[in-house]
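Worksheet: the structure to be examined is printed underneath.
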Amino acid sequence: FPVVPEKEEEDMQFAKKYLENFYDFKEEKNSLFKAKNLNRMADKIREMQSFFGLEVTGELNHKTLDMMKQPRCGIPDVRS
Amino acid sequence: YSTFPQSPRWKKEDVTYGILNYTPDMLQADVEEAIAKAFQLWSSVTPLRFTRLYSGQADIMISFAAGFHGDFYSFDGPGGTLAHAYPPSSGIGGDAHFDEDENWTKFTTYNGYNLFLVAAHELGHSLGLGHSNVFGALMYPIYMARDTKDYRLPQDDIDGIQALYGATPSKTPTRPEDCDPHLTFDAITTLRGEILFFKGSYVWRKSPYFSDIEHDTISSFWPSLASGFDAAYEVDKKDRVIFFKDDQYWAVSGYSIEPGFPKPIQNLGFPTSVRKIDAAVHDQNTKKTYFFVGNKYWSYNENTQSMERGYPRKIAADFQGIDHTVDAALQKNGHFYFFHGSNQYEVDIKNKKLIRIMKSNSWFNC
């Protein structure tokens, strides 16, 4: 079934927080950069999928979200 | 494996750790054992040696906290982030924080996180390792419940930590030969009918049920007491063995360390001038325990749990023929055995007279 929009938004926020914590994702706060943010977030999703050996799609699919929800260590996987 | 940027590492082999507080989810002794075993994992494959400090600031400080806990990385409640640790450096460097909102356990069940496994991972960070993307590696970021009995460090983690610190020195200190005529002991005690002989991190185990002497490391019985003892004695009626190291003592019953230990030896009645004891032996008949320090000895009444009046006394004044310090002491077969260097002195308990002198390892059927 199509995902309920609020759930989708919730997952997006969760993923953004995860990528900020563990993949050094920095979101431009200015809404003018929305497209740029989405591209940057897709890059970070690709980086995370590659780290965990998932299919690298850049999309926040079910498997990727599942992996993000696993209990884990609080130290980033990559760092600047 | 990976390391942190610029690969920070401890510039020494002797690293200290302290436990700031405990989780209410587990017995303190189980927390200490899990932490000690986690350190052993790393010391077994590197030249690193870890010593626990019971007060003051250690290199690696371990604590449990929930939510915001004073650093920039607040915990997030149950699940999600379980713990984090900082790479080697001064101050917060090396410290490991565990999320108290998790359920910590010494088992590998599904309604809690195994503290030994999570601590072993976090201490990898405390020593300078980053995350590994090798599935199954200890430094893999995601928690994986696995059997912790005889848990062995995966090769990727060994490669990572040895890239930072090198391998175990080729000449690991080896146990002296049983029949080495110069063999000496740190401490000796009976335990449930057996006799345990301690030296460094090793223990020789003589059992009335088997003819051979068994060889073990102390850590295989009491992981958090791995570095060895100055003295030990058994109060058999209480199924209790007391171990001494420097100015502290522990009570154990079998493999379990009783809660609330270690305690300062001053609790037994020693003056603060006594910073360690050489040997101890309990006389099961009189319920008195003798403590040997230098050329003097104390008598402790196990019933009243207090030192007897009129002590300390000179050893030589009461035990004829024992004109030197005592490294270790044992009561067996109605005699005392006082060990000094590679000799032992068999003493009649009643009249405290010397009967004969033997080699310290005469118990090993040499």
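Chain naming here is simple, since letters A, B, ... match the order of the sequence lines and numbering starts at 1 in each.
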Next item on the list: Please flag which part of B/F75 lies under 4.5 Å from any non-hydrogen atom of chain A: side chain, backbone, both or neither.
Entry: neither

Notebook entry, point to check: With respect to chain B, which residue among A/G74, A/P76, A/P71 yields the maximal number of heavy-atom pairs within a distance under 4.5 Å?
Noted result: A/P71

Notebook entry, point to check: Closest approach of B/L129 and B/M139, non-hydrogen atoms and distance?
Noted result: CD1-CG, 3.9 Å

Margin query: Under a 4.5 Å cutoff for heavy-atom pairs, which residue among B/G79, B/S2, B/G80, B/S132 has the most contacts with chain A?
Written below: B/G80

Notebook entry, point to check: Given that the side chain runs from C-beta out, which part of B/Y140 has a heavy atom under 4.5 Å from chain A: side chain, backbone, both or neither?
Noted result: side chain

Margin query: Here's one to test your reading of the geometry: is the NZ or CZ of B/K37 within 45 degrees of the ring axis of B/F116 and under 6.0 Å from its centre?
Written below: yes

Notebook entry, point to check: Does any heavy atom of chain A fall under 4.5 Å from the side chain of B/E102, the backbone, both, or neither of them?
Noted result: neither

Note to self: Report which part of A/M67 has an atom under 4.5 Å of a heavy atom belonging to chain B: side chain, backbone, both, or neither.
What the structure shows: both

Checklist line | Over-ring placement of A/R72 relative to A/F22, 6.0 Å and 45° cut-offs | finding: yes

Notebook entry, point to check: Does the side chain of B/Q162 come under 3.5 Å of the side chain of B/T46 through a donor N or O and an acceptor N or O?
Noted result: no

Checklist line | Sidechain N-carboxylate O distance under 4.0 Å for B/D76, A/K17 | finding: no

